[in-house]
Amino acid sequence: MATFSPKTTIFYLTTLLLITTVPQSKAALNANYYSQTCPQAEKIILQTVYNASIFDPKVPARLLRMFFHDCFIRGCDASVLLDSTAENQAEKDGPPNLSLAAFYVIDDAKAKLEAACPQTVSCADVVAIAARDVVTISGGPYWNVLKGRKDGRVSKASETVNLPAPTFNMSQLVQSFSNRGLGIKDLVALSGGHTLGFSHCSSFESRLRNFSVSHDIDPSLSVEFAQQLRQKCPKPNNDITAGQFLDSTSSSFDNDYYKRLIQGKAVFGSDQALGGDLRTKSIVESFASDQSLFFREFAASMVKLGNVGVIENGEVRVKCRVAN
């Protein structure tokens with residue numbers, strides 16, 4: 001995988017912004033949506049995201065996860081960014097989102113965009129562009145983000161129960177993705193986003209002890225890896241920060257995640273399910289053996305995910321944390 005110096009990375013991505021074109025989506029979204037109204041928008045977002053990632057290496061995984069969690073609830077409308085109020089508990093305070101972070105990066109990018117192009121670039125588009133940028137600066141693929149989303153005004157913590165859980169089986173995963181117009185290949189490709197990231201013990205410790213009546217440890221889990229996880233997540237565990245990286249190259253966007261599925265070393269039960277089901281096993285194997293194929297399919301599925309529940313006639317928030 002190629003590595004870039006800071007100056008080279010920014011130059012490379014800025015050049016791609018200028019020369020890459022894609023067809024318009026079936027929705028009103030357009031790769032060149034801001035070319036007249038805010039031509040510097042993507043450069044501003046890239047620079048902000050890149051600087052934040054240098055300062056905090058956890059930023060890429062957090063911003064990518066933020067995009068998923070936004071689009072899976074009410075579509076890609078930046079509802080995950082809204083703060084709770086006295087009258088309403090918002091998505092970011094729902095149990096699955098309590099570990100989301102890096103909202104400050106979006107705030108910073110939005111403030112700079114408001115200074116350059118007031119009330120023009122939606123928060124939903126900022127999240128989508130930032131998700132692409134963190135993948136690319138981590139060594140993953142580049143794709144043109146279709147833009148023109150508007151921001152929603154509704155955000156409810158109770159709706160986060162509809163996010164796919166790390167304990168989901170294959171049928172639950174397939175149904176969850178299908179409900180959003182995403183197919184089997186999208187499920188496997190987008191799950192590869194777990195190549196970046198970390199999980200706390202609470203999300204996978206049920207696989208390590210008293211898994212079932214007949215198995216103490218999840219039988220789909222490598223025994224050696226299970227012992228390593230047990231050491232990191234003892235019982236009782238007084239370290240709330242304890243956990244495990246989701247693959248062995250967690251700061252690099254690559255196909256190591258799929259190789260680990262084949263080895264029985266997936267951290268989440270939902271991830272390991274992909275490696276053992278006939279509907280997905282061959283796709284996992286093809287991505288494990290061909291990183292360029294994974295990159296192409298991931299980029300295509302990210303564009304598809306970015307079209308879920310798009311609001312075309314909403315508002316552009318001035319501040320991403322509050323509706324106008």
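Values below: every heavy atom of this structure, side chains too, minus hydrogens, waters and symmetry copies. For reference, positions follow the sequence shown, starting with 1.
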Practice task
May I ask you to check whether F298 and F253 place their ring centers less than 6.0 Å from one another?
Solution key: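 Between F253 and F298, which both carry aromatic rings, the centre distance is below 6.0 Å.
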
Does [X] have any ring-ring contact (aromatic ring centres under 6.0 Å, His included) partners at least two apart in sequence or in another chain, and if so, which?
X    : value
F287 : Y258, F294
F177 : F72
Y104 : none
H215 : none

Pairs in or reaching into [range]: which pass salt bridge (Lys or Arg N to Asp or Glu O under 4.0 Å), with residues at least two apart or in two chains?
range            : answer
residues 134-149 : E42-K147, D125-R149
residues 45-61   : D56-R62
residues 185-198 : K185-E297, D186-K304
residues 257-277 : D277-R279

In this structure, are over 12 heavy atoms from other groups packed under 6.0 Å from [X] atom [atom1]?
X    : atom1 : value
Q119 : CD    : no
F245 : CZ    : no
E224 : CD    : no

Sort and list the pairs that fulfil disulfide bond (SG atoms under 2.5 Å apart) and have at least one residue in [range], not counting sequence neighbours.
range            : value
residues 167-196 : none
residues 292-324 : C123-C320
residues 211-314 : C201-C233

Exercise for the section: Before giving the answer on salt bridge (Lys or Arg N to Asp or Glu O under 4.0 Å), spell out for E205 and R209 the whole-Å C-alpha distance, their side-chain angles and the decisive distance to 0.1 Å. Expected result: CA-CA 7 Å; E205 60 189 355; R209 299 173 182 86; 5.5 Å; no

Would you say [X]'s side chain and [Y]'s backbone share a donor-acceptor pair under 3.5 angstrom?
X    : Y    : value
S138 : V134 : yes
N324 : V316 : yes
N210 : D216 : no
S250 : G197 : no

Practice task
Could you give me the CA-CA distance, side-chain angles and deciding distance for D93 and K156, then say whether salt bridge (Lys or Arg N to Asp or Glu O under 4.0 Å) is met?
Solution key: CA-CA 9 Å; D93 291 320; K156 296 184 179 296; over 6 Å; no

How about [X] and [Y]: do any of their side-chain heavy atoms sit closer than 4.5 Å?
X    : Y    : result
R180 : N162 : yes
V322 : R317 : no
I106 : L63  : yes

Taking all heavy atoms of [X] and all of [Y], pick out the closest pair and write down the distance.
X    : Y    : answer
L221 : A266 : CD1-O, 3.6 Å
S220 : Q272 : OG-CG, 3.4 Å
D70  : A78  : OD2-N, 2.9 Å

Exercise for the section: Any chance you could lay out the side chain to side chain donor-acceptor pair (under 3.5 Å) test for E91 and T160, step after step, and finish with the verdict? Expected result: CA-CA 6 Å; E91 287 174 35; T160 60; over 6 Å; no

Exercise for the section: Apply side chain to side chain donor-acceptor pair (under 3.5 Å) to the pair T167 and R207, showing each step before the final yes or no. Expected result: CA-CA 9 Å; T167 56; R207 304 181 71 200; over 6 Å; no

Practice task
Would you give the length of the straight line joining atom OG of S155 to atom CZ of R74, rounded to the nearest 0.5 angstrom?
Solution key: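 Rounded to the nearest 0.5 Å, the OG-CZ separation comes out at 8.0 Å.
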
Exercise for the section: Taking only Lys NZ, Arg NE, NH1 and NH2, and the carboxylate oxygens of Asp or Glu, determine whether E315 and R153 approach each other closer than 4.0 Å. Expected result: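 A salt bridge links E315 with R153.
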
Practice task
State which residues pass side-chain contact (heavy atoms from CB on, under 4.5 Å) with C38; sequence neighbours excluded, sorted by chain then number.
Solution key: Y34, Q40, A41, L113, C117, T120, V121

Exercise for the section: Determine, stepwise, if the pair D77 / S79 fulfils side chain to side chain donor-acceptor pair (under 3.5 Å). Expected result: CA-CA 5 Å; D77 67 344; S79 54; 2.8 Å; yes

